[in-house]
Amino acid sequence: MPELPEVETVVRYLRPQLVERAIVGFTAHWPRVTAPAMPEDFARQVTGRTIHAVRRRGKYILLELNRGYIHLHLRMTGRLLVLPSGDPEASSQPHVTAEFDLSDSRRLVFRDMRKFGRVGYLEDLAPLETRLGPEPLSSRFTTRLFHRLLRGRRRRIKPLLLDQSFIAGLGNIYVDEALFLARIHPETPGSRLSFARARALHRAIQDILSESIRHDGTTIINFQYGEGSTGRFREKLRVFRRAEQPCPVCGTPLAKIRVAQRGTYLCPACQVP
DNA sequence: TCGAATGTTGCGAA
DNA sequence: TTTCGCAACATTCG
């Protein structure tokens, strides 16, 4: 479910509730939530440590400890909530895959209907960094860098943008939205984009992500944060899941095609190879 | 019953 | 080496 703006929204909700709390216990209700590690090993690594910062890298949530890091990935349907530990609500939540007990006698609860979400422990972030491309909203992600990364990549632009080692944080929704804003057909080979079109796409990516963060992300099926709040960006989506509806720019009915096994929405008139 | 769904990984083949 | 398609993970919904 969540892409960069949704993960950022969750991080902003968690940060004030977790910073400077210690982890006093961990329970895996679904043993594979810590895969490939064993739940007992993970629990041993994190209990007794204090959370000094809560950050985001791509679609990962990072809890910076006094030593090492916890990384959490929500995948499709993961949710994180902070609840008072005596609260009967905490145990009545459905699909709870893991729980952290905190020193302020509250709990960080990981709910995940489809059970794809994972948590893990890292001594340092190097293994994560080698698998992730640049952060699209960082100042280091310049037009020049983006154009340089695109050079020599004959892969179609949509699967390229979905590849987290090429650029971190984009998923199906924002790739379609950014390509629409930049008027680029999703099957255009990356290496075929001129500098001007790469610049337009770079701007579109940054615009769409920051606009969505301002609206606390997009709720399509089940993204929620905090006490069940939903993202408000859904109503701002221009093409995603809007097949047959008129293009907001030219009025041509929007199309749905399949690219790299993913449903892909576009304006067949505006977006050109 | 089948297919699709906001995500990632690993494998074999071109 | 790069890219592509597909299966797998687990569940819900139309």
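Here is how names work: the chains are called A, B, and so on, in the same order as the sequence lines, proteins then strands, and each is numbered from 1. Everything numeric in this text was worked out from a predicted model, so none of it was measured.
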### Task
With ring-ring contact (aromatic ring centres under 6.0 Å, His included) as the test, would you mind laying out the steps for A:H29 and A:F110 before giving the verdict?
CA-CA 10 Å; A:H29 297 281; A:F110 196 170; over 10 Å; no

request  = Apply side-chain hydrogen bond (donor to acceptor under 3.5 Å, both in side chains) to A:T264 and A:K158, showing your working.
outcome  = CA-CA 9 Å; A:T264 299; A:K158 169 148 182 174; 3.0 Å; yes

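Spacing between atom CZ of A:R155 and atom P of C:dG5 amounts to 10 Å, rounded to whole angstrom units. Rounded to a whole Å, the CZ atom of A:F233 is 14 Å from the C1' atom of B:dT6. Note: CE (A:M76) to C1' (C:dA8) measures 13 Å, nearest angstrom. The interatomic distance linking A:E177 (CD) with B:dT6 (P) rounds to 13 Å, in whole Å. Between the CZ atom of A:R258 and the C1' atom of B:dA4 there is a distance of 7 Å, given to the nearest Å. B:dT6 atom P lies 12 Å from atom OH of A:Y174, rounded to whole Å. Distance CZ (A:R234) to P (B:dT6): 12 Å, rounded to an integer number of Å. Rounded to an integer number of Å, the gap from A:L161 CG to B:dG7 C1' is 16 Å.
Side-chain proximity of A:R156 to the nucleotides C:dG5, C:dT3, B:dT6 is greatest for C:dG5. The side chain of A:F240 lies closest to B:dT6, out of B:dT6, C:dC4, C:dG5. The side chain of A:Q261 approaches C:dC6 more closely than any other nucleotide in the set C:dC6, B:dG7, B:dA5.
Salt bridge A:K256/A:E244: absent, no basic N to carboxylate O contact under 4.0 Å. A:R238 has no carboxylate O lying under 4.0 Å from a charged side-chain N of A:D176, or vice versa, which leaves the two without a salt bridge. A salt bridge between A:K59 and A:E6 is absent, with no side-chain N of the basic residue lying under 4.0 Å from a carboxylate O of the acidic one.
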Scoring nucleotides 8-14 of chain B by protein non-hydrogen atoms under 4.0 Å (B base, S sugar-phosphate only, - none) yields SS-----

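Residue-level contact check: A:G263 touches the backbone only, with heavy atoms under 4.0 Å from sugar-phosphate atoms and none from bases.
Only the P atoms considered, C:dG5 is 15 Å distant from B:dA4, to the nearest whole Å. Between the P atoms of B:dG3 and C:dC6, the separation comes to 13 Å (whole Å).
Ring-plane geometry between A:H202 and A:F146 is classed as tilted, the angle between the planes lying from 30 to 60 degrees on a 0 to 90 degree scale.
A:D112 and A:T97 are not linked by any side-chain donor-acceptor pair at a separation below 3.5 angstrom, with hydrogens and angles left out of the test. When only modelled atom types and interatomic distance are considered, A:Y13 and A:S229 share no side-chain donor-acceptor pair under 3.5 Å. A donor-acceptor contact closer than 3.5 angstrom is absent between the side chains of A:R183 and A:Q271. Residues A:Y121 and A:R49 have side chains that bring a donor and an acceptor to within less than 3.5 angstrom of each other.
Look at B:dT6: it lacks any Watson-Crick or wobble partner with both distances under 3.5 angstrom.
Here A:R154 does not reach the OP1 or OP2 of C:dC4: none of its side-chain N or O atoms lies under 4.0 Å away. Phosphate contact (OP1/OP2 of B:dA5, side-chain N/O of A:K256, threshold under 4.0 Å): present.
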Filtered N/O pairs between nucleotides 10-14 of chain C and protein, under 3.5 Å:
from	atom 1	to	atom 2	distance (Å)
C:dA10	OP1	A:R32	NH1	2.8
C:dA10	O4'	A:R114	O	2.9
C:dA10	N1	A:R114	NE	3.2
C:dA10	N1	A:R114	NH2	2.4
C:dA10	N3	A:R114	NE	3.0
C:dT11	OP1	A:K115	NZ	2.2

